[in-house]
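Sequence lines set the chain letters: A, B, ... in the order given, protein chains first and strands last, and positions in each chain run from 1.
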There are 2 protein chains.
Amino acid sequence: MVDQITLPATREAELNQALELFHFAFRAFTAKPDQLLETRGLQRVHHRILYFVGRNPDIRVNALLTILGVTKQALHAPLRQLIAMNLVNDTPDANDKRGKCLNLTADGRNLESALSGAQRKKMQLVFEKIGEEGETAWRNVMAQLIEPSKEE
Amino acid sequence: MVDQITLPATREAELNQALELFHFAFRAFTAKPDQLLETRGLQRVHHRILYFVGRNPDIRVNALLTILGVTKQALHAPLRQLIAMNLVNDTPDANDKRGKCLNLTADGRNLESALSGAQRKKMQLVFEKIGEEGETAWRNVMAQLIEPSKEE
DNA sequence: GTAATTTGGTCAACCATATTGACTTTTATC
DNA sequence: GATAAAAGTCAATATGGTTGACCAAATTAC
């Protein structure tokens, strides 16, 4: 039954191990920010918003929706909450008054820094241990996982 | 303001890039199975159940709960669905009739193979391109992300 | 200048995923 | 026989998302 297409059982087991590493690494990676968010009554979705608003000053709502991959209705409630909590700022776009520019407030920057900071710190620690070549390899694998394969 | 603790802005930007790679790689990685699941009227939670039952023949409900990190009430509905669809089998444990042994049926194995197979194939492709050293580095990084740091 | 389009906001209905709490049944164990 | 363990189930609740419909304001096209 073993041919060129079927992977050897041991290789399949190795790949399964890789799947599990991915699964549990992601879970562990989001655990710390989740914990911090909870003390503020916020959820992971708020972190995602804070992160991408932080990285993209003056981002418009529509652009944010595209990055997050959700509908405006899904964004609506948590974004309003962040604005009400004075963590995010929405100022009308000077050029196109229909649009709003989203930015982090000082408080928002502080919270975002605490949330993502925990993740950056962890990544930095691991990258230090693994070395520059290893870091590059990790980045390459992740980047290739994002790109669709030819056959897809 | 820059001292030993504050990361240089460029390093922080690199780490942010790593965070985004992780985020989008995970999203891309689950997209294909999700699509396949949808055609069967199933969700990601069903994939997780099928995967871990597949890797752990005769697993008990309690052990599955621990691995998945959810409550029995959360597992209840999707597991019953999988049993009703004849994808998972629950036979009483011969030694302890209170416990049930969960296993994939032939159909369950087929579906699980299709779901995780897509992910294994993708991983295998990327690992082939990156080479053995790169694969090892990737695994090391992921494994270290799972382990809690000393300060935590 | 008016019509059409774009950007964004909001309401409602709905579904999926999870939680906590309470309770039952069956079977082991002491 | 009492207690504990494994599993099943019901209810209430929260969260995160969807689709659909509709509205208001500003811009663009004609």
Inset, instruction - Evaluate side-chain contact (heavy atoms from CB on, under 4.5 Å) for A/Leu50 paired with A/Leu111, printing each intermediate quantity in order. - result: CA-CA 8 Å; A/Leu50 290 171; A/Leu111 178 56; 3.8 Å; yes

Inset, instruction - Please report the C-alpha distance between B/Asp93 and B/Arg60 in whole Å, then the side-chain angles of each, then the deciding distance to 0.1 Å, and finally whether the salt bridge (Lys or Arg N to Asp or Glu O under 4.0 Å) criterion is met. - result: CA-CA 9 Å; B/Asp93 187 325; B/Arg60 302 283 223 77; 3.0 Å; yes

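With rounding to whole Å, B/Leu79 atom CG is found 7 Å from D/dG8 atom P. B/Asn95 has its CG atom 17 Å from the C1' atom of C/dT26, to the nearest Å. In this entry the distance linking CG of A/Leu102 with P of C/dG9 reads 8 Å, nearest Å. Atom CG of B/Leu82 and atom P of D/dG8 are 13 Å apart (whole Å). Between the NZ atom of A/Lys97 and the P atom of C/dG9 there is a distance of 17 Å, rounded to whole Å. Put simply, CG on A/Asp96 is 12 Å from P on C/dT6, counting in whole angstrom units. The nearest whole Å value for the distance from the CG atom in B/Leu64 to the P atom in D/dA7 is 10 Å. A/Leu68 places its CG atom 13 Å from the P atom of D/dG16, with the value rounded to the nearest Å.
A ring-centre distance under 6.0 Å is found for A/His23 and B/Phe52.
A/Thr39 places no side-chain N or O within donor-acceptor distance of the main-chain N or O of A/Gln35, the cut-off being under 3.5 Å. No donor-acceptor pair under 3.5 Å is formed between the side chain of B/Tyr51 and the backbone N or O of A/Leu19. Between the B/Gln43 side chain and the B/Leu37 main chain, no donor and acceptor come within less than 3.5 Å of each other.
Look at B/His76 and you'll find a side-chain N or O under 4.0 angstrom from OP1 or OP2 of D/dT9. Contact annotation: A/Lys100 reaches the phosphate of C/dG9 (side-chain N/O to OP1 or OP2, under 4.0 Å). Distances shown here put every side-chain N or O of B/Thr71 at or beyond 4.0 Å from the OP1 or OP2 atom of C/dA18.
Between A/Asp93 and A/Lys72, the residue anchored nearer the 5' end of DNA chain D, judged by the nucleotide with its closest heavy atom, is A/Lys72. Toward the 5' end of DNA chain D, the nearer of the two residues A/Ala74 and B/Cys101, judged by each one's closest nucleotide, is B/Cys101.
At a non-hydrogen distance threshold of 4.0 Å, B/Arg60, B/Val61, B/Asn62 from residues 34-62 of chain B come into contact with DNA chain D.
A donor-acceptor contact under 3.5 angstrom links the side chains of A/Ser116 and A/His47, judged on distance only.
The base of C/dT6 is paired with the side chain of A/Arg98 by a donor and an acceptor separated by under 3.5 Å. A donor N or O paired with an acceptor N or O is found under 3.5 Å between the base of C/dG21 and the side-chain atoms of B/Gln73.
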